[in-house]
Amino acid sequence: VQLQASGGGLVQAGGSLRLSCAPSGRTFSGYAVGWFRQAPGKERQFVAAISWRDARPYYTDPVKGRFTISRSAAKSTVYLQMNSLKPEDTAVYYCADGVGYSDTYYVTRAASYDGWGQGTQVTVSS
């Protein structure tokens, strides 16, 4: 496992969770660190990403205004603060790094990343 994701859990709709992602035995690589999620029977989809160099954030529309991505260079950790959670946010959340380009086209696509974590389950009950 190249990246360690943690912080998932069971929460009621409207609640909050904070996910963390840290590299295991190395430093983050590439232009940005991204969060993706995958619900049962669905494809892995982009959630958010942050440039490791200048902290530029990227978000998918359904989470804008509810989720905030941030990074701590000192702790070599990326966070995803998730507020106002909805049942449709239920999924396994993965963090990834290694994307080589800053263009939104690449940052928002899972195939652009080559380092992945094991995932952390987020379940939002109605």
Side-chain angles (χ1 to χ4, degrees):
V1 176
Q2 300 186 45
L3 302 175
Q4 295 285 348
S6 61
L10 173 64
V11 64
Q12 289 187 333
S16 299
L17 286 172
R18 188 177 79 158
L19 305 184
S20 299
C21 174
S24 177
R26 65 172 178 83
T27 58
F28 282 123
S29 67
Y31 168 77
V33 176
W35 284 99
F36 292 77
R37 64 187 180 188
Q38 189 166 18
K42 295 188 177 181
E43 293 186 353
R44 192 167 298 189
Q45 61 178 205
F46 173 76
V47 176
I50 188 166
S51 163
W52 193 249
R53 180 183 64 203
D54 60 10
R56 174 188 173 185
Y58 303 74
Y59 297 100
T60 187
D61 285 345
V63 310
K64 285 180 179 177
R66 300 190 296 123
F67 291 10
T68 302
I69 191 167
S70 62
R71 61 156 175 69
S72 168
K75 295 183 179 181
S76 192
T77 301
V78 170
Y79 304 99
L80 184 67
Q81 178 67 43
M82 306 186 297
N83 298 329
S84 302
L85 283 162
K86 303 176 181 180
E88 52 263 44
D89 295 318
T90 295
V92 178
Y93 283 69
Y94 300 88
C95 60
D97 71 351
V99 60
Y101 303 99
S102 62
D103 189 273
T104 301
Y105 174 86
Y106 295 102
V107 172
T108 59
R109 276 155 178 80
S112 300
Y113 295 77
D114 56 19
W116 289 86
Q118 83 285 6
T120 184
Q121 176 71 47
V122 172
T123 303
V124 184
S125 63
S126 59

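Shortest non-hydrogen contact noted between Ala39 and Ala91 is N-CB, 3.9 Å. Scanning both residues, Gly100 and Tyr31, for their nearest heavy atoms gives C-CB, 4.4 Å. The two atoms that bring Val33 and Cys21 nearest to each other are CG1-SG, 4.5 Å, heavy atoms only. Of all the heavy atoms in Leu80 and Ala48, the pair that sits closest is CD1-CB, 4.0 Å. Pairing each heavy atom of Gly119 with each of Val92, the nearest pair is CA-CG1, 3.8 Å. The two residues Ser125 and Leu10 make their nearest non-hydrogen contact at CB-CD1, 4.4 Å.
Considering only heavy atoms from C-beta on, Tyr79 comes within 4.5 Å of Ser72 through its side chain. Taking the side chain as every heavy atom from C-beta outward, Leu3 and Arg26 approach each other to under 4.5 Å. Looking at Arg37 and Val63, their side chains come closer than 4.5 Å, going by heavy atoms from C-beta outward.
Checked for salt-bridge contact, Asp61 and Lys64 meet the test: a charged N lies under 4.0 Å from a carboxylate O.
For the atom pair CD of Gln4 and OG1 of Thr120, the computed distance is 10.5 Å after rounding to the nearest 0.5 Å. To the nearest 0.5 Å, atom OG of residue Ser6 and atom CZ of residue Arg18 are 9.0 Å apart. Between Phe46 atom CZ and Thr104 atom OG1 the span is 8.0 Å, to the nearest 0.5 Å.
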Between Arg66 and Met82, does the side chain to side chain contact (heavy atoms under 4.5 Å, CB included) criterion hold? Intermediate values first, please.
CA-CA 6 Å; Arg66 300 190 296 123; Met82 306 186 297; over 6 Å; no
Check your understanding: Could you walk me through whether Asp89 and Phe67 pass the side chain to side chain contact (heavy atoms under 4.5 Å, CB included) check?
Key -> CA-CA 11 Å; Asp89 295 318; Phe67 291 10; 4.0 Å; yes
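In this structure a side-chain-to-backbone donor-acceptor pair under 3.5 Å is missing from Asp97 to Gly30. When atom types are taken as modelled, the side chain of Gln2 and the backbone of Pro23 share no donor-acceptor pair closer than 3.5 angstrom. Side-chain atoms of Arg71 come within 3.5 Å of backbone atoms of Trp52 as a donor-acceptor pair (strictly under, hydrogens ignored). Side-chain atoms of Tyr59 come within 3.5 Å of backbone atoms of Ile69 as a donor-acceptor pair (strictly under, hydrogens ignored).
A tilted orientation is assigned to the rings of Tyr106 and Tyr101, their planes being inclined by 30° to 60°.
One side chain, Thr123 or Gln121, offers a donor N or O that lies under 3.5 Å from an acceptor on the other.
Annotation: Phe36 is in aromatic contact with Tyr113 [ring centroid separation under 6.0 Å].
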